[in-house]
2 protein chains.
Amino acid sequence: MSDAKVTSLDVARLAGVSQSAVSRVFSGASASQTTIAKVRAAAEQLGYRPNSLARAMITGKSRIIALVVAYLDNQFYPVAIERLSQALQARDYHILLLMAGNSPEGIDHVMQELMSYQIDGIITASVAMSSDLTDRCAALGIPVVMFNRGQDGTAHSSVTSANVEGGRKVAEFLLAGGHGRIAHIAGWQGSSTGRDRTRGFLAALEEVGAPAPQVIDGMYTREAAAEAARTLMAGPTPPDAIFVGNDHMAFAVMDVLRFELGLSVPQDVSVVGYDDVPMAAWPAYDLTTLRQPLNRMVEATVATLLAEIDDPDRGTEKVEIAGPLVLRGSARIPQGWT
Amino acid sequence: MSDAKVTSLDVARLAGVSQSAVSRVFSGASASQTTIAKVRAAAEQLGYRPNSLARAMITGKSRIIALVVAYLDNQFYPVAIERLSQALQARDYHILLLMAGNSPEGIDHVMQELMSYQIDGIITASVAMSSDLTDRCAALGIPVVMFNRGQDGTAHSSVTSANVEGGRKVAEFLLAGGHGRIAHIAGWQGSSTGRDRTRGFLAALEEVGAPAPQVIDGMYTREAAAEAARTLMAGPTPPDAIFVGNDHMAFAVMDVLRFELGLSVPQDVSVVGYDDVPMAAWPAYDLTTLRQPLNRMVEATVATLLAEIDDPDRGTEKVEIAGPLVLRGSARIPQGWT
DNA sequence: CTCAGGATTGAAAACGTATGCAAGCCGGGT
DNA sequence: ACCCGGCTTGCATACGTTTTCAATCCTGAG
């Protein structure tokens, strides 16, 4: 049946038509029913598939989009990747995966490499791009959508949840629960996501005249968050509620409270997270958390990206999607809350 | 500086040399010091990068390898992807990510698409390929390495941990712990990995004349594993130890034991997992488990794949790497075990 | 029967690079 | 002085496709 490489020319010869005819059949251009039939039959017999690289070179569109992700420890990102991948595959796009790692300049290097593959677009998940790289993408006309992170100076589109509002919701919830000593282990303050959640949270507390909570940056890592929890609880007035900047850190905080300090959650301390990763629903944590509407964020991300690919002059877009607070067992639930 | 598309011809003109010279400089072929300098300078000024697609088309090597993965719920795979990605990036390869999903034939379709990108190799993580696809890869000379899963009939390389031996170790450990009613929630018996672990486990029990344990297939999912745990514990002789086919299921089993049935681990039931994902070390689970040596498995995977790419006639290889049993708090530890 | 008009078709150029080949250059040995 | 050999270099071709353009076919109206 199928030997090594079979080209459109081989198919053309077997079908008794020109190579152009074969191309037209497979690229959807017009052709008569008879030639379509002949070409299809010959292609089937030879096991022919059009070479995407050659096609990409001539059309300028590779149908490849680059997905740049910083780390996968936080369960939020594997799940997001899974959804993004499915959504893009369904639209006949393919994903070039790139781990940004922790090297701040290494990413620029690899991104440059990526550019040479004529990718049609870029999705960054929790990764900041150097402004140098940003300019480069703009110059080459490559659309970029930042998933779950904004970046102020740049002209890129972004899709996030309504983080400021989310922070507010958590504050209101904890206040309604009658918590008097509220603390905050923040998401990395170098990220817009972390800053926005913190800002909304603090603003809501301030508006009702609540005392300003103690805030420690958890850097989005288990280690920093655990250390922050220890510091908070060892202080003169240990908190009775902690808002943690994402679920990943919240699990670490709960582990410290329960297994190092022997405290009960939520009897001694209420803990609220952010994201609602699948693990938050596991009974071992049963974490009350503000849900990031992943499916809608993913849909918005691919919709925005593909729209920009189809129409380069479309302009960018900053999408914010609000999510609900999911009430579970890790935080005291105020009277009357559903 | 850099405008839209800059080709080797542009660089050649600016440098006052031929296009071939530019190509030679960037492809590492020989050239005089003076031309190298001129070309480098011109390229720098224009912001030139060789077009990988064009290069791939002529050389036949795209420096892209496809990574096919079934699901990312199990933390083992995100971590594996991270490592694989880093290892391949370090060798200047790029990763085309493909989620196999649950559609058994959908994967074949997408794989066919992938082939058209002239990928240099394929890594499958816990995914079985149809024999049709297998043949196709062989015919096209595309090396395939199966990560964490074998497949008997095929001529592909595979890298797994020593699953039979691992199953034995767990059995010996539970026996030494004095457990009398041992049960097994198996990894999916449709996978070599699941079958091997089960086989080693049962063989070790049988050799010492222990009663044959009750075995239920956990299908590698939380739901099936949880249901299996309920079934086992509701039976006439509930087990005092359960070997679970991987950590991902073991967490679900522990959740059922503790939060549905109110049992203590390991006082009432010992639980042992397989994989040693990062979460197994979290105090909320503190899971005793047989470690799959991820780093070495990843190294072996890329080494095998790249070797087959460099030398197509190299033949395939089945690598098995043994891992230790990691003693933690979820299972009773026999006297004298370290 | 003739002819206009649209639908099909094939030839050829283009995409951006690598590489075989022949010509040019240079140095050293006789 | 001459020639032989090796190192560089440019020319031209190839990779497999899409797409323009002109030529050809067919159909139906006059």
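These figures come from a predicted structure and were not determined experimentally. Lettering follows sequence order; numbering is per chain, from 1.
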K.L.:
Whole angstroms only, please: what is the CD-P distance between A:Gln33 and C:dA7?
P.N.:
14 Å
K.L.:
Is any side-chain N or O of B:Tyr48 closer than 4.0 Å to OP1 or OP2 of C:dT17?
P.N.:
yes
K.L.:
If you round to the nearest 0.5 Å, how far is CZ of B:Phe26 from CZ of B:Arg55?
P.N.:
9.0 Å
K.L.:
Could you check how far CG of B:Asp10 sits from C1' of C:dC15, rounded to whole Å?
P.N.:
13 Å
K.L.:
Starting at the 5' end of DNA chain D and moving along, which residue's nearest nucleotide shows up first, B:Gln118 or B:Ala31?
P.N.:
B:Ala31
K.L.:
If you only use heavy atoms from C-beta on, which nucleotide in D:dT9, C:dG16, D:dT18 is closest to the side chain of A:Arg55?
P.N.:
D:dT18
K.L.:
Quick one: which of D:dC11, C:dT17, C:dC15 gets closest to the side chain of B:Ser18?
P.N.:
D:dC11
K.L.:
Counting only side-chain nitrogens and oxygens, does A:Ser8 get under 4.0 Å of the OP1 or OP2 atom of D:dG16?
P.N.:
no
K.L.:
Roughly how many Å is it from OH in B:Tyr117 to P in D:dC15, rounded to a whole number?
P.N.:
22 Å
K.L.:
If we only count heavy atoms from C-beta on, is the B:Leu14 to B:Gln45 side-chain gap below 4.5 Å?
P.N.:
yes
K.L.:
What's the separation between atom CD1 in A:Ile64 and atom OH in A:Tyr117, rounded to the nearest 0.5 Å?
P.N.:
8.5 Å
K.L.:
Nearest whole Å is fine: how far is D:dT19 P from A:Lys61 NZ?
P.N.:
12 Å
K.L.:
Salt bridge check, A:Glu299 against A:Arg91: does any charged N sit closer than 4.0 Å to a carboxylate O?
P.N.:
yes
K.L.:
Considering heavy-atom distances to DNA chain D, does B:Thr35 or B:Ala54 have its closest nucleotide positioned more toward the 5' end?
P.N.:
B:Thr35
K.L.:
Could you tell me the separation between the CG atom of A:Leu9 and the C1' atom of D:dC15, rounded to a whole number of Å?
P.N.:
12 Å
K.L.:
From C:dT17, C:dG16, C:dG10, pick the nucleotide closest to the side chain of A:Met57?
P.N.:
C:dG16
K.L.:
Below the 4.0 Å mark, does C:dT9 have OP1 or OP2 next to a side-chain nitrogen or oxygen of A:Ser20?
P.N.:
no
K.L.:
Looking only at side-chain atoms of B:Ile58, point me to the closest of D:dC15, D:dT18, C:dT19.
P.N.:
D:dC15
K.L.:
Give a yes/no answer on whether the side chain of A:Ser32 brings an N or O atom under 4.0 Å of OP1 or OP2 in C:dT9.
P.N.:
yes
K.L.:
Does the base of C:dG10 carry an N or O that pairs as donor and acceptor with the side chain of A:Arg24 under 3.5 Å?
P.N.:
yes
K.L.:
For A:Ser23, answer base if it contacts any base atom (sugar-phosphate contacts may also be present), sugar-phosphate if it contacts only those atoms, and nothing otherwise; contact means non-hydrogen atoms under 4.0 Å.
P.N.:
base
K.L.:
Have a look at B:Ser52 and say if it touches a base, only the backbone sugar-phosphate, or nothing, with a 4.0 Å heavy-atom cut-off.
P.N.:
nothing
K.L.:
Take the protein atom CD1 of A:Ile36 and the nucleotide atom P of C:dT8, then report the distance between them rounded to whole Å.
P.N.:
9 Å
K.L.:
Once the angle between the rings of B:Phe76 and B:Phe147 is folded into 0 to 90°, is it parallel (under 30°), tilted (30 to 60°) or perpendicular (over 60°)?
P.N.:
parallel
